[in-house]
Amino acid sequence: MAKQKTIFYDAFGHWYFIKRFLIFIFGIVSYRRYNGFNKLKISGTENLKDLPKTNVLFVSNHQTYFADVFAMYHVFCSVQNGYQNSIHNPVYLLNPVVDMYYVAAKETMNKGILTKIFAYTGAITVKRTWRSGGQNVNRTVDLNEIDNIKKALNHGWVITFPQGTTKAFAPGRRGTSQLILEEKPIVIPVVIDGFRRSFDKKGLIVKKTGIEQSMRFKKPMEFDWETENKNTIINKIMDAIEQSEKFIKVPPLTAEQQAKEDAKNKKPQTFY
């Protein structure tokens, strides 16, 4: 039987008091990663101020598994508590955004107890249709997973990464377009940078300090619902999150070049 949102738990049956506690703890632990060892430069939060509480979809490029998402938790909680383009006062963690969800690969969120706990804060897990366990696959979309994303939109804000990978300039997946066509949410593009240089791929280990990270929230996208199709929508999204070919200024690193870059930072430090 499907859960119904109440004052005690969300639409997926997750207790709000547990979510608040976990967001607070993860927020305190991660705070200095964005406003200490490194600095997160935020812009465009004025575009979030008057958004409705539901049916808002944030589309973003992706650089790490977890650091990107939790930086957004910091920003959304800060904005909810009256701050703009700033996370300098973490008192906002005492009053977090609890109806905020993010789309994540199921295999990623099932790796270890820490990720499973983090998933409780708002993960909508999906099985990749094109990749699993490091191998290429070809499987059909699980409609129950799509229904979960729609349910999350009906009850709050949702973050999705249309590329489905942390690889820069990877093609966008048209499943995002289909969701937008069906649900017609307010779509806010987000452009992030600096996270790949700051953290390891998972976003759990600080790889370098003194890096300026950035997160830009753009104005809501405009669509012509009479003429748009999945192709035109995903092309607009890739332009908006600056991941289309026209934004490639320097060719992406080859696997060998990336390995050399990683070797330079083979002794990362974890900061708490």
Any chance the side chains of Arg33 and Asn38 put a donor and an acceptor closer than 3.5 Å? no
Straight-line distance of Gln178 CD to Glu183 CD, nearest 0.5 Å: 10.0 Å
Flag the pair Tyr9 / Lys19 as yes when at least one side-chain heavy-atom distance between them is below 4.5 Å, and no otherwise. no
Atom OG1 in Thr45, atom CD1 in Ile87: separation rounded to 0.5 Å? 11.5 Å
pair Lys218-Glu242: side-chain heavy atoms closer than 4.5 Å: yes
Tell me the closest heavy-atom pair linking Leu93 and Gly27, and the distance in Å. CD1-C, 3.6 Å
Determine, step by step, whether Asn231 and Arg174 satisfy the side chain to side chain contact (heavy atoms under 4.5 Å, CB included) criterion, reporting the C-alpha distance in whole Å, the side-chain angles of both residues, the deciding distance to 0.1 Å, and the verdict. CA-CA 7 Å; Asn231 288 330; Arg174 291 193 300 170; 3.2 Å; yes
Any heavy-atom pair between the side chains of Val79 and Gln84 that's under 4.5 Å? no
Looking only at side-chain N and O atoms, does Gln63 offer a donor or acceptor that is under 3.5 Å from a partner on Thr166? no
Using distance alone, with no hydrogens and no angle criterion, decide if Thr227 and Asp224 have a side-chain donor and acceptor under 3.5 Å apart. yes
Verify side chain to side chain contact (heavy atoms under 4.5 Å, CB included) between Asn110 and Lys106, making sure each step is shown before the conclusion. CA-CA 6 Å; Asn110 285 337; Lys106 184 168 290 186; 3.4 Å; yes
Does Glu182 come within less than 4.0 Å of Lys150, counting only side-chain N to carboxylate O? yes
What residues form a salt bridge (charged side-chain N to carboxylate O under 4.0 Å, His left out) with Arg197, not counting sequence neighbours? Asp193
Are Val191 and Val158 linked, directly or through intermediate hydrophobic residues, by side-chain heavy-atom contacts shorter than 4.5 Å (ILVMFWY only)? no
Any side-chain heavy atom of Ser60 sitting closer than 4.5 Å to one from Asp68? no
Could Lys184 and Phe223 be counted as a cation-pi pair, given that NZ or CZ must be under 6.0 Å from the ring centre and within 45° of the axis? no
Looking only at non-hydrogen atoms, find the nearest pair between Met238 and Pro171 and report the distance. CE-C, 4.2 Å
CA sep, side-chain torsions, deciding dist, call: Leu153, Leu179, side chain to side chain contact (heavy atoms under 4.5 Å, CB included): CA-CA 10 Å; Leu153 275 174; Leu179 178 69; 4.2 Å; yes
Gly194 backbone acceptor or donor facing Ser198 side chain under 3.5 Å: yes
The side chain to side chain donor-acceptor pair (under 3.5 Å) partners of Asn95 (sequence neighbours excluded) come to Asn81
is_close_aromatic(Trp157, Phe76), centroid dist under 6.0 Å: yes
Within a strict 4.5 Å, meaning less than it, do heavy atoms of the Val75 and Phe217 side chains meet? yes
Salt bridge (charged side-chain N to carboxylate O under 4.0 Å, His left out) against Asp200, all qualifying residues, sequence neighbours excluded: none
Is a donor on one side and an acceptor on the other found under 3.5 Å between the side chain of Lys207 and the backbone of Arg196? yes
Checking side-chain polar atoms at under 3.5 Å, does Asn85 have a donor or acceptor matched by the opposite partner on Ser43? no
Kindly give the heavy-atom pair with the smallest separation between Thr165 and His62, and that separation in Å. O-CB, 3.5 Å
Can any side-chain N or O of Thr54 pair as donor or acceptor with the backbone N or O of Gly156 at less than 3.5 Å? no
Closest approach of Val97 to Ile23 (non-hydrogen atoms, all atoms of both residues): O-CD1, 3.6 Å
Please tell me whether Phe70 and Tyr73 form a close aromatic pair, meaning their ring centres lie under 6.0 Å apart. yes
Parallel, tilted or perpendicular, as decided by the 30° and 60° cut-offs, for the rings of His14 and Tyr120: parallel
I'd like to check Ile180 versus Trp225 (side-chain heavy atoms, cut-off strictly below 4.5 Å). Are they in contact? yes
Starting from Ile211, can I reach Met72 by hopping between I/L/V/M/F/W/Y residues whose side chains sit under 4.5 Å apart? no
Heavy-atom check, side chain of Ile117 versus side chain of Ile113, under 4.5 Å: yes
Side chains of His155 and Asp10: do they bring a donor and an acceptor to under 3.5 Å? no
Mark yes or no for whether Thr6, through its side chain, and Phe8, through its backbone, hold a donor-acceptor pair below 3.5 Å. yes
Side-chain H-bond candidate by donor/acceptor type, Tyr101 with Asn148, under 3.5 Å: no
What are the two closest heavy atoms between Phe199 and Gly203, and how far apart are they? CB-CA, 3.8 Å
Listed partners of Glu212 passing salt bridge (charged side-chain N to carboxylate O under 4.0 Å, His left out), at least two apart: none
Once rounded to the nearest 0.5 Å, what's the spacing between atom OG of Ser86 and atom CD1 of Ile42? 6.5 Å
At their closest point, which heavy atom of Met215 faces which heavy atom of Val190, and how far apart are they? CG-CG1, 3.9 Å
First locate atom NZ of Lys219, then atom CG of Leu48, and finally report the distance between them rounded to the nearest 0.5 Å. 13.0 Å
Does NZ in Lys41 sit with more than 12 non-hydrogen atoms of other residues, nucleotides or ligands closer than 6.0 Å? no
Note, Asn35 side chain near Leu40 side chain (heavy atom, < 4.5 Å): no
Got a second to check how far Ile124's CD1 is from Lys151's NZ, nearest 0.5 Å? 10.0 Å
Mind checking ring pair (Phe, Tyr, Trp, His ring centres under 6.0 Å) for Phe66 and listing every partner two or more places apart, or none if nothing turns up? Phe118
Yes or no on side chain to side chain contact (heavy atoms under 4.5 Å, CB included) for Thr115 and Thr108, after CA distance, side-chain angles and deciding distance? CA-CA 8 Å; Thr115 55; Thr108 299; 5.7 Å; no
Evaluate the salt bridge (Lys or Arg N to Asp or Glu O under 4.0 Å) criterion for residues Lys53 and Asp99: first the C-alpha distance (whole Å), next the side-chain angles of each, then the deciding distance (0.1 Å), finally the verdict. CA-CA 8 Å; Lys53 298 295 185 182; Asp99 284 315; over 6 Å; no
Does the Gln243 side chain pair with the main chain of Asn61, one donor and one acceptor, at a distance under 3.5 Å? no
Is the ring pair Phe195/Tyr34 parallel, tilted or perpendicular, if the boundaries are 30 and 60 degrees? tilted
Under the salt bridge (charged side-chain N to carboxylate O under 4.0 Å, His left out) test, residues paired with Glu228 that sit two or more places apart: Lys236
Side-chain donor-acceptor pair under 3.5 Å between His88 and Tyr83, yes or no? no
